[in-house]
Student: 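Sending over a structure as structure tokens; questions will come in a sec.
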Amino acid sequence: MSTHPLPNLAREPIPQFDLSAQYAEIGADIRTAVERVLSSQQFVLGREGEALEAEIAALCGVAHGVGVASGTDALILALRACGVRAGDEVLLPTSTFVATGSAVSALGATPVFADCRPETYNMDPSELERRVTPRTRALIAVHLYGLAADMDPIVAFAKSRKLPLIEDCAQAIGATYRGRRVGCFGDAACLSFYPTKNLGAYGDAGMVVTNSLELDARLGNLRNHGQAARYLSSEPGWNSRLDEIQAAILRVKLRHLADWQRARRSNAAEYNRLLEQVPGVMPPHEPEGCEHVYHQYTIRCERRDALQQHLAARRIGSTVYYPYPLHLQPLYAHLGYNAGDFPHAERAAQEVLSLPMYPELRKDQIARVVEAIADFVKC
Ligand SMILES: Cc1ncc(COP(=O)(O)O)c(C=O)c1O
């Protein structure tokens with residue numbers, strides 16, 4: 001008889017996010033890739049970064065990629081390359097991570113918020129016409145949780161107003177809208193490779209992708225002290241380069257991205273199937289023509305905070321993305337928005353809850369999460 005008792009699966013913690021199984025699978029390849037960079041002794045702006053830029057651009061269906069230090073820097077540099085300056089206004093959704101807004105603020109420009117659609121949490125395109133002003137200089141569409149925003153009307157609006165369109169793809173690499181991957185709809189698109197993202201580095205990293213040769217060249221200068229040639233700077237830039245070790249790691253992980261995406265979608269399908277039997281909980285919506293990549297599997301429940309506590313007591317992790325829409329952040333108090341200005345975003349902020357989601361999540365774990373939710377709604 002074994003001296004090691006089987007783990008008590010019913011009490012095994014289920015974290016909301018876990019990278020350890022992934023590292024167990026790919027660790028040897030990662031270490032080989034890192035060793036390759038160490039042996040080359042080339043750490044910044046080398047072959048790995050260039051190869052990654054080409055691979056990510058191809059994945060997004062565009063011509064160019066510019067590796068930068070983070071998703072936030074990708075947004076700041078893309079906005080700047082598109083001509084946004086102090087005093088300008090930039091339209092963006094209020095339901096997003098604060099970085100989308102603070103990138104605008106970092107340039108001295110003013111974010112102008114739009115409400116979301118209640119079923120997708122992405123920006124409602126019908127808001128844009130109401131919020132645009134003569135000072136509007138650009139527009140950011142965020143693909144929240146891994147689901148593409150409704151790009152047809154957003155692109156049409158940007159074209160009709162001749163506004164540069166920037167996509168914030170930080171949460172949605174690989175997601176599709178009418179058969180095309182996000183990243184190819186805007187003038188520029190920004191990716192984050194923060195470790196928890198669907199394609200995550202082992203530190204901070206990001207990229208801007210674009211079809212424009214001109215934006216590509218400008219971004220290449222801006223991330224490197226505004227240098228158009230070595231030691232010849234044509235405008236103020238700064239240092240925001242994606243390093244070779246992160247690029248080499250990301251190239252290993254990129255080979256697995258399609259499989260991981262399939263696993264996330266299969267996990268979401270299992271959640272959806274089981275949650276059908278559970279009243280009072282709204283699973284995520286995948287509109288026709290979109291392929292969601294489930295960076296987050298986000299449900300909606302009126303008694304959200306109590307549900308989160310109930311799950312925590314059963315050692316099940318969950319996270320609220322995000323408890324405050326941007327217009328209610330202290331950071332933007334000076335802009336004069338009030339509670340009630342964006343009712344869909346505000347209600348979502350009180351009701352959304354992201355459940356455990358990662359490619360290696362097992363079906364028995366999903367069953368345990370849904371059982372715990374079903375117990376909660378009964379009482
Ligand atoms: C929607 C969104 N935009 C921008 C960012 C910023 O990316 P980073 O953390 O790489 O700076 C994030 C990352 O969390 C994000 O989720």
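Computed from heavy atoms alone, side chains included, the values below leave out hydrogens, waters and symmetry copies. Read the numbers this way: they start at 1 and go in the same order the structure lists the ligands and their atoms.
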Student: If you measure every N or O of G71 against every N or O of ligand 1, does any of those distances drop under 3.5 Å?
Tutor: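 Yes, since at least one N or O of G71 sits under 3.5 Å from an N or O of ligand 1.
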Student: What atoms in ligand 1 come closer than 4.0 Å to a heavy atom of F97?
Tutor: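 So the atoms of ligand 1 that pass are 2 (C), 5 (C), 12 (C), 13 (C), 14 (O), 15 (C), 16 (O).
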Student: With no hydrogens and no angle check, do the side chains of S354 and T298 hold a donor and an acceptor under 3.5 Å apart?
Tutor: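 Short answer, yes.
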Student: Show the atoms of ligand 1 that are less than 4.0 angstrom away from any heavy atom in T100.
Tutor: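 Within the 4.0 Å cut-off of T100, ligand 1 contributes 3 (N).
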Student: Ignoring angles and geometry beyond distance, decide whether D204 reaches within less than 3.5 Å of ligand 1 through its nitrogen or oxygen atoms.
Tutor: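 No, since none of the N or O atoms of D204 sits under 3.5 Å from an N or O of ligand 1.
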Student: Taking atom types as modelled, find out whether E346 and H327 have a side-chain donor-acceptor pair closer than 3.5 angstrom.
Tutor: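 Checked: E346/H327 side chains pair up, N/O donor to acceptor below 3.5 Å.
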Student: Under 4.0 Å from any heavy atom of Q171, which atoms of ligand 1 are there?
Tutor: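 Ligand 1 atoms under the 4.0 Å threshold to Q171: 1 (C), 16 (O).
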Student: Tell me: protein heavy atom nearest atom 1 (C) of ligand 1, and distance?
Tutor: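 Checked against all protein heavy atoms, atom 1 (C) of ligand 1 sits closest to D168 OD2, 3.5 Å.
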Student: Which of the atoms in ligand 1, numbered in the order shown and given with their element, are less than 4.0 Å from a heavy-atom of K197?
Tutor: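 Taking each heavy atom of K197 in turn, ligand 1 has 12 (C), 13 (C), 14 (O), 16 (O) under 4.0 Å.
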Student: Which atoms form the tightest heavy-atom contact between R131 and D341, and what is the distance?
Tutor: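 What the structure gives for the nearest pair is NH2-O, 4.5 Å.
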Student: Is R180 positioned over the aromatic face of F185, cation under 6.0 angstrom from the ring centre and no more than 45 degrees off axis?
Tutor: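 Yes; both conditions hold, so R180 lies above the ring face of F185.
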Student: For the residue pair T210 / H64, report whether a side-chain donor-acceptor contact shorter than 3.5 Å exists.
Tutor: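 No - no donor-acceptor pair under 3.5 Å links their side chains.
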Student: Nearest non-hydrogen contact with atom 2 (C) of ligand 1 belongs to which option: S95, A170, G101?
Tutor: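 Heavy atom nearest to atom 2 (C) of ligand 1 belongs to A170.
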Student: S240 and D73: side-chain donor and acceptor closer than 3.5 Å?
Tutor: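 Yes, D73 and S240 have a side-chain donor paired with an acceptor closer than 3.5 Å.
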Student: Number the atoms of ligand 1 from 1 as they appear, then name those within less than 4.0 Å of a heavy atom of T96, with their elements.
Tutor: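 Answer for ligand 1: 1 (C).
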Student: Testing the 3.5 Å rule here: is there a donor-acceptor pair between the side chains of Y322 and T96?
Tutor: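 The criterion, which ignores hydrogens and geometry beyond distance, is not satisfied for T96 and Y322.
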Student: Assess, by modelled atom type and distance only, whether the side chains of T120 and N122 contain a donor and an acceptor separated by less than 3.5 Å.
Tutor: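 Side chains of T120 and N122: no pair found under 3.5 Å.
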Student: Counting each atom of ligand 1 from 1 as listed, which ones have a heavy atom of A99 under 4.0 Å away?
Tutor: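 So the atoms of ligand 1 that pass are 4 (C), 5 (C), 6 (C).
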Student: Side chains of L215 and V208, heavy atoms from C-beta outward: is any pair under 4.5 Å?
Tutor: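 Answer no - side chains too far apart.
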Student: Would one find an N or O of S192, backbone or side chain, under 3.5 Å from an N or O of ligand 1?
Tutor: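 Min N/O separation from ligand 1 is below 3.5 Å for S192.
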Student: Below a 4.0 angstrom heavy-atom separation, can you tell me which part of L144, side chain or backbone, both or neither, approaches ligand 1?
Tutor: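 Near ligand 1, L144 shows nothing, with every heavy atom at 4.0 Å or more.
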Student: What part of T72, side chain from CB on, backbone N/CA/C/O, both or neither, has a heavy atom under 4.0 Å from ligand 1?
Tutor: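 The answer is both.
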